[in-house]
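Notes to accompany the following structure.
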Protein chains: 2
Amino acid sequence: MCSVFRRSLKRKGLKFTPERAKILDAVLSKQGMFEAEALLFEMRRTGHHVSKATIYRTLKHLLEANIVSEVLIDSKQSHYELSFGREPANYLVCVETDKIVEFSDSQFSKLAENICHKHGFDLINYRFVVYGVSPDARSADEANNEDA
Amino acid sequence: MCSVFRRSLKRKGLKFTPERAKILDAVLSKQGMFEAEALLFEMRRTGHHVSKATIYRTLKHLLEANIVSEVLIDSKQSHYELSFGREPANYLVCVETDKIVEFSDSQFSKLAENICHKHGFDLINYRFVVYGVSPDARSADEANNEDA
DNA sequence: CTTGCTGCAAAAGTTTTGCACACGT
DNA sequence: ACGTGTGCAAAACTTTTGCAGCAAG
């Protein structure tokens, strides 16, 4: 993976620095989605200090290298996920609890290709996000109603 | 539509005020997606002055009434769209030019229902967003390369 | 008269930028 | 040396919140 990033940087005349290596490592260690801030704190915790600005700058490079992709789930902040060599993940989000369930379904890939083809686009990525209310949130609601 | 909003507000013990009416009107007049700021400026331009805070507060109520839905396309800011009584719109986005093409496909509705059912969720909304490079952006790129 | 609404300005939160200095090649 | 990278702090931007006065049932 490291070499993929190296190549992508080289193509743009950029350097593979220790900071970028540390950030890539941290990203690779993440399971599922993460936020820029979370990455920052985790790196601080494990003694790999890199500035916030560098994290954001490096995430941009990782996006361009298609190693990471941006997942827009809510309007609060950007989420990222490791995406290299994987089918894009799709998400089921509870609007009450913010709980997020990941699911995958290979048919989206074909649908995305069809749409792109129809409009002459080159496909980069796609994402299906479903919003709903989880069973947990429903039970919580009922509990509240009984209180009232 | 107005009465839908009224009912939703009443259910929550809230009032249908002149400001909320004006914002609903402005939203109804919009074709496709819009941003909170755009709504603000348009309302200013047409002499319907409402404060920024009220716009944001009202958009929240419209979301809860399922009259409007939030569309997360990029990380810059939230986009909204009128959604009452419509199938959710899906989007094809050019990552170079930010051009957005709307498309619809009824099969997503069933897919979303299936996913929700499988996890015991109540479906609220869903969205399929495809990212790619538009033909326009490709031609622009080639032009740049020739320059170099 | 109690509850909710608005506008303003300030605050909050995330992401970007400017700058001075440091580093890699 | 050169261009690029980094950290820091400040800026920019969108969105939220507190508050004082107002409106409505």
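Keep in mind the model is a prediction, meaning the values are calculated, not measured. Letters A, B, ... are given to chains in the order of the sequence lines, protein chains preceding strands, and every chain is numbered from 1.
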Would you say the side-chain atoms of [X] pair up with the backbone N or O of [Y], donor to acceptor, closer than 3.5 Å?
| X | Y | answer |
| --- | --- | --- |
| T46(A) | E42(A) | yes |
| Y131(A) | I73(A) | yes |
| R127(A) | E70(A) | yes |

Quiz prompt | Test: E113(A) and K118(A) ion pair at under 4.0 Å | solution =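 No salt bridge links E113(A) with K118(A).
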Between protein and nucleic acid, restricted to nucleotides 4-9 of chain C and to nitrogen or oxygen atoms under 3.5 Å apart, what atom pairs and distances do you find?
unit_1 : atom_1 : unit_2 : atom_2 : d
dC5(C) : OP1    : K15(B) : N      : 3.1
dC5(C) : OP1    : R20(B) : NH1    : 2.5
dC5(C) : OP1    : R20(B) : NH2    : 3.3
dT6(C) : OP1    : T17(B) : OG1    : 2.7
dT6(C) : OP1    : E19(B) : OE1    : 3.3
dG7(C) : OP2    : S51(B) : N      : 3.0
dG7(C) : OP2    : S51(B) : OG     : 3.0
dG7(C) : OP2    : T54(B) : OG1    : 2.7
dG7(C) : N7     : R57(B) : NH2    : 3.0

Self-check item: Aromatic contact, F108(A) with F128(B) (centres under 6.0 Å)
Solution: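 They qualify: ring centres under 6.0 Å apart.
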[atom1] of [X] versus [atom2] of [N]: gap in Å, rounded?
| X | N | atom1 | atom2 | answer |
| --- | --- | --- | --- | --- |
| E35(A) | dT15(C) | CD | P | 9 Å |
| R6(A) | dG5(D) | CZ | P | 14 Å |
| L59(A) | dT14(C) | CG | C1' | 13 Å |

Quiz item: For dT15(C), does either OP1 or OP2 sit under 4.0 Å from a side-chain N or O belonging to Y56(A)?
Solution: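 Affirmative; the distance criterion is met.
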Quiz item: Looking at K60(A), does any N or O in its side chain come under 4.0 Å of the phosphate oxygens OP1/OP2 on dT16(C)?
Solution: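 Yes, K60(A) has a side-chain N/O under 4.0 Å of OP1/OP2 on dT16(C).
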Exercise. Mind checking S75(A) for me? I need base, sugar-phosphate or nothing, with any heavy atom below 4.0 Å counting as a touch.
Key: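 No contact.
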Self-check item: Under 3.5 Å side-chain donor-acceptor pair for S109(B) and S106(B)
Solution: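 No - no donor-acceptor pair under 3.5 Å links their side chains.
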